[in-house]
Amino acid sequence: MKNLLKSLASFQQEVPVIHKATQGYGYSYADLPKIFEVINPLLKKHGLGFTQTLHTKDDVNYIATMVFHIETGEHIESSIAIPYVQLKGMNDFQSFGSGVTYYRRYALSSALALVTDKDTDAAGEQEKKEKKLPAINQKRFAAAVQAIVKGEYTREKLEASFSLTEGQTDMLNAL
């Protein structure tokens, strides 16, 4: 394992950031051909290679990535499940192929410690799915406003229970 780790460390010191080859979904990333273009000569220089294979276990598809030292056969391997996702405008085969390509790119980047896209992990916020609230008709809204004025109901409860129009919100703000 010593030879593999030494060669891998040397490779990592020399490999540049591989970035901005492809645009998609609001960010840029390096696609597989761009990654291969950059890493293959450096892998060869440092006596390293890799392979990625697909296998299925218990009806789940996996991609296995192996990085190996050419002379000694020392290797490291990881495997990750490829979840099935149906992508809009694609048939099952196209969706699967897209998933394979996506996971190949990230599995290889992880195994070799490549930087292939802008690191935005800490920049995002978790999206909260908004609960669709029902609308409130004018008669019920007027009754709710009267209850708020009397102190029998609160604005917070009203807003948590119903989707209000701009006019209804303006009326509440005027109270």
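Everything quoted here is computed from the prediction, not taken from an experiment. Sequential numbering from 1 along the given sequence is applied to the chain's residues.
A salt bridge links Glu14 with Lys45; the closest basic N to acidic carboxylate O contact falls under 4.0 Å.
Rounding to the nearest 0.5 angstrom, the gap separating the CG atom in Asn40 from the CG atom in Leu42 is 9.0 Å. Here the OG1-CZ distance, from Thr65 to Phe50, works out to 8.5 Å after rounding to the nearest 0.5 Å. Once rounded to the nearest 0.5 Å, the distance linking CG of Leu43 with CZ of Phe68 reads 9.0 Å. In this structure, CD1 in Ile82 is found 5.0 Å from CZ in Phe96, a value given to the nearest 0.5 Å. Rounding to the nearest 0.5 angstrom, the gap separating the CG atom in Asn3 from the OG1 atom in Thr72 is 5.0 Å. Atom CZ of Phe36 sits about 10.5 Å away from atom CD1 of Ile18, to the nearest 0.5 Å.
Taking the side chain as every heavy atom from C-beta outward, Val17 and Thr116 never approach each other to under 4.5 Å. Looking only at side-chain heavy atoms (C-beta outward), Leu114 and Ile39 come within less than 4.5 Å of each other.
The shortest non-hydrogen separation linking Leu87 to Ser98 is CD1-OG, 3.6 Å. Of all heavy-atom pairs spanning Ile63 and Arg104, the tightest one is CD1-CG, 3.1 Å. Heavy atoms only, all atoms of each residue included: Tyr153 and Ser161 are closest at OH-OG, 4.1 Å. Closest approach of Ile136 to Arg140, counting heavy atoms only: CG1-CB, 3.6 Å. Across all their heavy atoms, Gln94 and Gly89 have their closest contact at OE1-O, 4.2 Å.
Legend: salt bridge (Lys or Arg N to Asp or Glu O under 4.0 Å) pairs involving residues 150-161, not counting sequence neighbours, sorted by first then second residue: Arg155-Glu159. Sorted by first and then second residue, the salt bridge (Lys or Arg N to Asp or Glu O under 4.0 Å) pairs involving residues 76-93 (not counting sequence neighbours) form an empty list.
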Test side chain to side chain contact (heavy atoms under 4.5 Å, CB included) applied to Ile35 and Ser109, step by step:
CA-CA 9 Å; Ile35 293 170; Ser109 295; 4.1 Å; yes
Verdict with reasoning, Val15 to Leu112, per side chain to side chain contact (heavy atoms under 4.5 Å, CB included)
CA-CA 10 Å; Val15 72; Leu112 295 173; over 6 Å; no
Working note: Thr165 + Asp170, criterion side chain to side chain contact (heavy atoms under 4.5 Å, CB included); need CA distance, chi angles, decisive distance, verdict.
CA-CA 9 Å; Thr165 66; Asp170 289 344; over 6 Å; no
For Leu54 and Val100: C-alpha separation, side-chain torsions, deciding distance, then whether side chain to side chain contact (heavy atoms under 4.5 Å, CB included) applies.
CA-CA 9 Å; Leu54 290 171; Val100 168; 4.1 Å; yes
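Grouped with Val60 in one hydrophobic cluster are Tyr62, the linkage being side-chain heavy-atom contacts under 4.5 Å among Ile, Leu, Val, Met, Phe, Trp and Tyr residues.
Although no hydrogens or angles enter the test, the distance criterion places no donor-acceptor pair under 3.5 Å between the side chain of Glu37 and the main chain of Pro41. In this structure, Gln52 contributes its side chain and Ala64 its backbone to no donor-acceptor pair below 3.5 Å.
Ile70 and Leu108 fall into different hydrophobic clusters, defined by Ile, Leu, Val, Met, Phe, Trp and Tyr side-chain heavy atoms under 4.5 Å apart, directly or through other members. One hydrophobic cluster holds both Val67 and Met1 under the rule that ILVMFWY side chains link at heavy-atom gaps under 4.5 Å. With hydrophobic clusters built from ILVMFWY side chains whose heavy atoms lie under 4.5 angstrom apart, Tyr84 does not share a cluster with Met90. There is no path of hydrophobic side-chain contacts, each under 4.5 Å, that joins Met66 to Ile76. The hydrophobic clustering, which links ILVMFWY residues whose side-chain heavy atoms are closer than 4.5 Å, places Tyr103 and Phe93 apart.
Counting non-hydrogen atoms of other residues, nucleotides and ligands closer than 6.0 Å to CD of Gln13 gives a total of 12 or fewer.
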